[in-house]
There are 2 protein chains.
Amino acid sequence: MSVTTLHRPAHRDALGLLESAFGDGRMVTVFGRCRVEYDGRASSSLGPGDRLVVCKPDGTILVHTDENRKPVNWQPPGCTHQASVRDGRLRIRSERTSPDERLDVAFERLEQVSAYEVTDRSDLTLTGSEEDLRQRILEDPSLVEAGFEPTATERETAAGPVDLFGSDAADRPVVVELKRRRVGPSAASQLTRYVAAVDEEFPEEGVRGILVAPSVTDRTAAMLDERGLEFVALDPVGDGVSEGDSDVGSGDDAEPE
Amino acid sequence: MSVTTLHRPAHRDALGLLESAFGDGRMVTVFGRCRVEYDGRASSSLGPGDRLVVCKPDGTILVHTDENRKPVNWQPPGCTHQASVRDGRLRIRSERTSPDERLDVAFERLEQVSAYEVTDRSDLTLTGSEEDLRQRILEDPSLVEAGFEPTATERETAAGPVDLFGSDAADRPVVVELKRRRVGPSAASQLTRYVAAVDEEFPEEGVRGILVAPSVTDRTAAMLDERGLEFVALDPVGDGVSEGDSDVGSGDDAEPE
DNA sequence: TTTTTTATTTCGACT
DNA sequence: AGTCGAAGTAAAAAA
C-alpha cells in the first residue's frame with residue numbers, strides 16, 4: 001500500500017505508524033496542534049498552534065504553518081528522527097551532531113498522520129543558471145565577441161578563479177566574468193581584481209576584461225567605463241525557444257513574451 | 001471538520017476538494033505521481049515521480065521529493081493557485097507577475113488529497129540571535145557595565161560599523177562587539193580594528209573595547225588581555241526559561257519591550 | 001516599488 | 001570534515 005493514513009488517531013496508534021514509517025524509509029506528514037522547540041546554532045520556541053510536519057527518510061524534518069515558503073522550523077538531511085509519547089503528547093524529536101542540534105515537536109492534538117511510499121523518481125533539469133550561460137558561450141564564443149576563443153574555465157589567478165579565460169582576435173588575453181542576472185558594482189570590482197591579477201602575468205599584452213550579464217546598473221556601467229572594462233549583454237538562455245521540454249506536445253499555449 | 005482527506009480519488013473528486021480548499025483558505029497536500037514544469041526566473045522540467053505537494057492559502061506552493069530540505073520546485077507567497085483537469089490529469093497551476101512565473105504540476109496518479117483548516121496560530125520567537133543580544137543590552141545597558149550608555153548601533157568607523165557604541169561612567173568612548181555564542185580569535189581581531197579606528201577619532205579619550213558574548217576561548221581571552229580589551233559574559237537570552245509566547249499570556253517571563 | 005543585508009541560509013564542489 | 005561560492009536563494013529592512 002502506497003499511503004497509510006490515520007484520522008485523529010490516539011497517540012499510541014500514531015506512534016506505531018511513525019516508528020514503522022521511520023523504520024522502512026517512508027515519508028511522513030503529521031497535522032495537528034503542537035509546540036516546537038529548537039536548540040542548536042540558534043534557539044527558538046514556538047507556542048501551540050496548527051502545523052503540518054513533514055519527515056523525510058533522509059533525515060529532513062520540516063514544520064510548516066499556513067504561511068511562507070520557509071518552514072517555521074526544520075532540521076536538515078542527515079538527522080535521526082525519533083517518535084515517543086511523553087506527558088500525554090506525541091513527540092517527534094530530530095537530532096544531529098556537528099553541529100549539535102535538536103528539534104522537538106510535541107503534539108497535543110493529532111488531526112492526521114500519513115506515511116507515503118516514494119518509489120518513482122526522476123531528476124530535475126534546470127536551465128537559466130550561470131552554468132547555462134557558460135555553456136552557451138562555450139558553444140558559441142562569438143556571442144561575447146567575434147574572434148573570441150575561450151581557453152579555460154575557472155582559471156586560477158592571484159585574485160581567485162575567473163569564470164572564463166581566453167583570447168580575442170588580436171590574441172590579447174581576455175578575462176570574462178559571468179553573471180546570470182543584472183549586476184551591481186560588486187561584479188565590476190571583482191572583474192577589476194581579476195584583470196589586475198592577469199595583467200601581472202601578461203604585463204605587455206593589454207589584458208581585456210569583459211563582464212557578461214543580462215544587464216548592468218547605471219553606476220556599474222560608468223564604473224566599468226572608467227576602468228577600461230567592457231560589458232556584453234547576454235542572457236543565460238537564448239531569447240528564442242530553447243527549453244528543455246519533455247512530455248507530449250499537445251499544442252499548448254503560445255507564449256507571447 | 002478540520003481535515004478532509006480523499007484516498008486515491010478520481011481526478012474529478014480531487015478537483016472539487018482543491019477548488020473548495022483554495023476558495024476558503026485551507027492548506028492542501030497532494031501526494032501522487034506527477035510531472036512538474038516551471039518557467040520564470042529560470043526554467044525547469046521534472047519528469048514523472050512520486051511527490052508531496054503542499055499548497056498554502058497565502059499562495060505558496062511546495063513540491064517535495066523524499067530528499068532534501070529544499071523543495072524540488074516551488075512558488076513563493078502571493079501566487080494564485082488554480083486546479084483543473086486536462087488530458088486526463090489533475091493539474092495544479094500557480095502563477096504570479098513581477099516577475100512572471102508559472103509552475104505546473106500534473107498528476108497522472110493521485111494517492112491522497114487532504115485539506116486542513118489552520119485556525120490556531122502562534123508566532124515563532126527565535127531567540128539567541130545577535131539582534132536579541134543587542135536588544136537585551138539596549139533594554140538594560142548595565143548588563144555590560146554599570147554606567148554604560150549606548151548612543152548608537154551599527155555606528156560607522158573607518159574599520160566598518162561597530163555593533164554598539166556608547167560611553168562609560170567616566171565618559172570614555174566604548175566600542176562593543178556582540179557575538180551570540182562562544183567566540184574565537186577572529187572576534188578579538190575585529191574588536192581590535194574597531195578600537196584602533198575609533199581611537200583615531202578620539203585620540204586623547206582612551207577608547208575602550210568590550211567583547212560581549214556567552215564565553216570566549218582561552219587563547220582569545222589571552223589575546224584580549226594583551227591588547228587591553230575587555231570581555232563581558234552575556235547570553236543572548238536570559239539564563240532562565242525564555243519562551244517565545246504569543247497567544248495566551250500565561251504568566252511567564254516578563255518581556256519589557 | 002526596488003535595493004540591500006541577513007540567514008539555524010541550503011547546496012554543491014573541492015581540499 | 002571544513003571552506004568557498006552560487007542560488008529560481010527567501011525574507012526583512014531600508015531607500
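Worth knowing before you read on, the calculation uses all heavy atoms, side chains too, and leaves out hydrogens, waters and symmetry mates.
When each of D:dT9, D:dA11, C:dT1 is scored by its nearest atom to the side-chain atoms of B:S98, the top-ranked nucleotide is C:dT1. Comparing atom distances between the A:R41 side chain and each of C:dT10, D:dA7, D:dG8 picks out C:dT10 as nearest. Checking D:dA7, D:dA10, C:dC11 against the side-chain heavy atoms of B:R69 singles out C:dC11 as nearest. With distances taken from any side-chain atom of A:Y38 to the nucleotides D:dG8, C:dC11, C:dT8, the minimum falls on C:dT8.
With hydrogens and angles ignored, the 3.5 Å screen pairs a side-chain donor or acceptor of A:D50 with a backbone N or O of B:T119. The backbone N or O of B:T65 lies less than 3.5 Å from a partner atom in the side chain of A:K56, making a donor-acceptor pair. In this structure, A:R51 contributes its side chain and A:R33 its backbone to no donor-acceptor pair below 3.5 Å.
Toward the 5' end of DNA chain D, the nearer of the two residues A:K179 and A:T97, judged by each one's closest nucleotide, is A:T97. If A:R96 and A:R182 are placed on DNA chain C by their nearest nucleotide, the residue sitting closer to the 5' end is A:R182. Each of A:L103 and B:K70 was matched to the nucleotide of DNA chain C holding its nearest heavy atom; the match closer to the 5' end belongs to A:L103.
Rounded to whole Å, atom C1' of D:dG8 lies 14 Å from atom CG of B:D100. Rounded to a whole Å, the CG atom of A:L124 is 14 Å from the P atom of D:dA7. Going from atom CG of A:L46 over to atom C1' of C:dT8 covers 14 Å, rounded to whole Å. The distance from atom CD of A:E177 to atom C1' of D:dA6 is 12 Å, rounded to the nearest whole Å. Residue A:N68 contributes atom CG, which lies 15 Å from atom C1' of C:dT9 at whole-angstrom precision. One can place NE2 of A:H64 at 13 Å from P of D:dA10, the figure rounded to the nearest angstrom. Rounded to whole Å, the distance from CD on A:E130 to P on D:dG5 is 12 Å. In this structure, B:Q75 places its CD atom 10 Å from P of D:dA10, rounding to the nearest Å.
C:dT8 and C:dT4 are spaced 22 Å apart, taking the P atom of each and rounding to whole Å. Comparing the C1' positions of D:dG8 and C:dC14 gives an interatomic distance of 25 Å, to the nearest angstrom.
No side-chain N or O of A:R69 forms a donor-acceptor pair with one of B:T60 less than 3.5 Å apart. A donor-acceptor pair shorter than 3.5 Å can be found between the side chains of A:N73 and A:S44.
Between B:L18 atom CG and B:Q82 atom CD the span is 11.5 Å, to the nearest 0.5 Å.
At the heavy-atom level, A:E131 lies nowhere under 4.0 Å from the strands shown. The residue B:P77 sits close only to the backbone: its heavy atoms come under 4.0 Å of sugar-phosphate atoms, none of a base. Within the nucleic acid shown, A:P76 has no heavy atom closer than 4.0 Å to any nucleic acid atom.
For A:N73 against C:dT8, a side-chain N or O and a base N or O form a donor-acceptor pair under 3.5 Å.
At least one side-chain nitrogen or oxygen of A:W74 sits closer than 4.0 Å to the OP1 or OP2 atom of C:dT10.
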